[in-house]
Amino acid sequence: MSAPASREAITVANEFTEVEVSRVSTRNGARLRIFVPGSGREILLCPLELEALTWQDHEFFTGLLADGLA
Amino acid sequence: MIDLPGVLADVGRGMIPARIYNDAEIFALERDRLFSSAWIFLAHESEIPSPGDYVVRRVLADSFIVVRDENGTVRALFNMCLHKGMAVCRAEMGNASHFRCPYHAWTYRNDGRLAGVPFHAEAYGGDDGFAREDQSLLPAPAIDTYNGLIFVSLNADPPALREWLGDFCYYLDFYTRQSPAGVQLRGPQRWRIKANWKIGAENFAGDSYHTPHTHASVVDIGLSREPKANKRKEGALYMAGPGSGTTCKLPPGGSFLEQLRYVGYPDEMIVTMAATWSKDQAGLVEESGFMVSAATLFPNLSFVHNWPVIDAAGTVAPFISVRQWQPVSENETEVLSWFAVDAGASEHFKRQSYRAYLMCFGSSGMFEQDDVENWVSITEMAAGSMARRLLLNSRMGLTSEDKPVKPPMAGFSGPGVAYQGFGEFNQRHWLSQWSEHLGARDEATSL
Amino acid sequence: MKPLPYSDELHQAAHQFLVEEAALLDAGDYLGWLGLLCEDIKYVMPVRVTTARGAGFDSLPDMGHFDEDMYSLLKRVQRLLTEHAWAEDPPSRTRHFVSNVRTFAFSETELYVESALLLFRSRGDTREADLVCAGRTDLLRLTTEGMRLARREIKVDESVLRTQNLAAFL
């Protein structure tokens, strides 16, 4: 989907990448948009998916990073 | 026990047993033989524009999550957890990629597939005890859309929606396709009335005869564009496929542009309508000189298009409403009333059209107020034993030999059959479909 | 902002205004009621919806039961005064109960007033009576002619109204 206009975007960056995070409203609810200006890629996560992230440890993300962007 | 063949025979000759408007046995038959198989409207795609957006809607007692999944597919999922039967969604709208049941946290993707069962390994012994694969919230047996209107059928093998809508699509486009952008629905307002659901459906299907008297007050106060409500008798009534409706006669000799200006559309919308509608559709306005007014798509979805005067300067603004008569019981109905407007219209037009809607229809609408008073009264009268002896005369427009008082209109631009003037052709058309369902064996109850 | 103490004369005047207004409505004196409204009145009643606690909204942003100005309210009143307004003829017996009044001094000439409203509406002799329960937030203006209602937002406590229509003012 083309994301609705984001508001209050927060930029989180380091020397390896830069990411914009913002809350976007759909007609009936809200999601968190994670957007990487460098690649133009984005994902919109719903609250339940965000909660599920908190159940992970960094090994989980290491796994994701190990695969890289296919 | 009700004598069903007798009731249907009376309905067939236009003499309606009054009891059908408040009778528990009839209502049970409607549940088992009509709502179990017909295409029933649930929502419009504009109510769930983004992935994860959902609304919860019912077909009688069955609650469905109407959701756009992550791939953009619109689905209707029976809102009952596979495990212990809890309602998975208790809010009436929201956005979620996954639904998590509040009871034991069984979790479903928003396409319905079961994704998670807590302690699956420990409690069930993994897939050996309970295979999650291929488990899904029950989808509505059939789902399809037309102009973004989402319909479901509890019958797994209904006729194709487009085929079933048939010639009614010609008229449906006036309400739901004024431009390629399509229609956008706002609402619904919801309220409960102590009236049988059929009365509203029949009224919108073809009752132009009630307008001069029931709605006299809106003419008195100058809300109506037309100075005399009995102008309704010049309108055409049409029946096409599973729908039927009323129209209003436009001033003689006007071009397409002039006629649509007359009902209050701005030029830029008229140009788009001319490019969007077929030549035949434009012909209803230009050649035949009629504008669609109220309509009902069997069984319980109605439409209205009207063009009141909305301010002291005399501004005429048209509006469209989509409404559903959701049966609660034989003597109670939940009305869901949406304001509908072309998604491509200007903000200025949308504001004026919304104002026109609120003044005329919906929970506070000045037309609707008097309608509901009548329908509640009919339902109340239909409850007792005297009503069981009364056959209501619904034969308007027919001679004693069942011939139309006036022949059908020749050269009417729209498909189906049309009559000019007052008549109860459309209500009988609606009731004949109702009879067909009630007289049929209830094959769908074996679901 | 803290509400004015109940002993404050402005609070008492605001409370009395709401009670007098209710008396006019219950007496069916709709023209008298219009006289209590400012010419630039905004009278709105959003549609309430059931949403999650964290959703951030519990009414539809773009759909109301009422969204009125003086012209549309005048038309509603004029209609009720015709001989053909069947929805209220015979009239309902209504009682507007106003309570939980809190007054906030907004400016030199304007007060915010919150109140709870319970409308009892009885029609005919066989139907169960209807109840409509709502919170109201009003902007009252102090004019040379006395207190007048400039804004009203009615926050109804049901998502599905249990009354056959809103041929009544809240």
query = Rounded to the nearest 0.5 Å, what separation is found between the CG atom of A:Leu44 and the CG atom of B:Asn95?
reply =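 One finds 9.0 Å between CG of A:Leu44 and CG of B:Asn95.
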Next item on the list: Working to the nearest 0.5 Å, report the span between CG of A:Leu48 and NE2 of B:His98.
Entry: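 Those atoms lie 7.5 Å apart.
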- [ ] Please answer whether the main-chain N or O of B:Tyr54 pairs with a side-chain N or O of A:Asn28 as donor and acceptor at a distance below 3.5 Å.
- [x]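 Answer holds: yes.
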For A:Arg27 and B:Ile48, indicate whether the former's side chain and the latter's backbone hold a donor-acceptor pair under 3.5 Å.
->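 Judged by distance alone, no pair lies under 3.5 Å.
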Problem - More than 12 heavy atoms of other groups within 6.0 Å of B:Glu122 CD - result: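 Enclosed.
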Worksheet item: How about B:Tyr103: does its OH atom have over 12 heavy atoms from other parts shown lying under 6.0 Å from it?
Response: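 No, not enclosed.
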Proximal component of B:Asn110, with respect to chain A [non-hydrogen, under 4.5 Å] =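 Only the side chain of B:Asn110 comes within 4.5 Å of chain A.
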Discussion item. Check B:Glu70 with A:Arg31, please: is the shortest side-chain N to carboxylate O separation under 4.0 Å?
Written reply: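 Yes.
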**Message:** For A:Ala30, which atoms come within 4.5 Å of any heavy atom of chain B: side chain, backbone, both, or neither?
**Reply:**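 A:Ala30 touches chain B through backbone heavy atoms alone.
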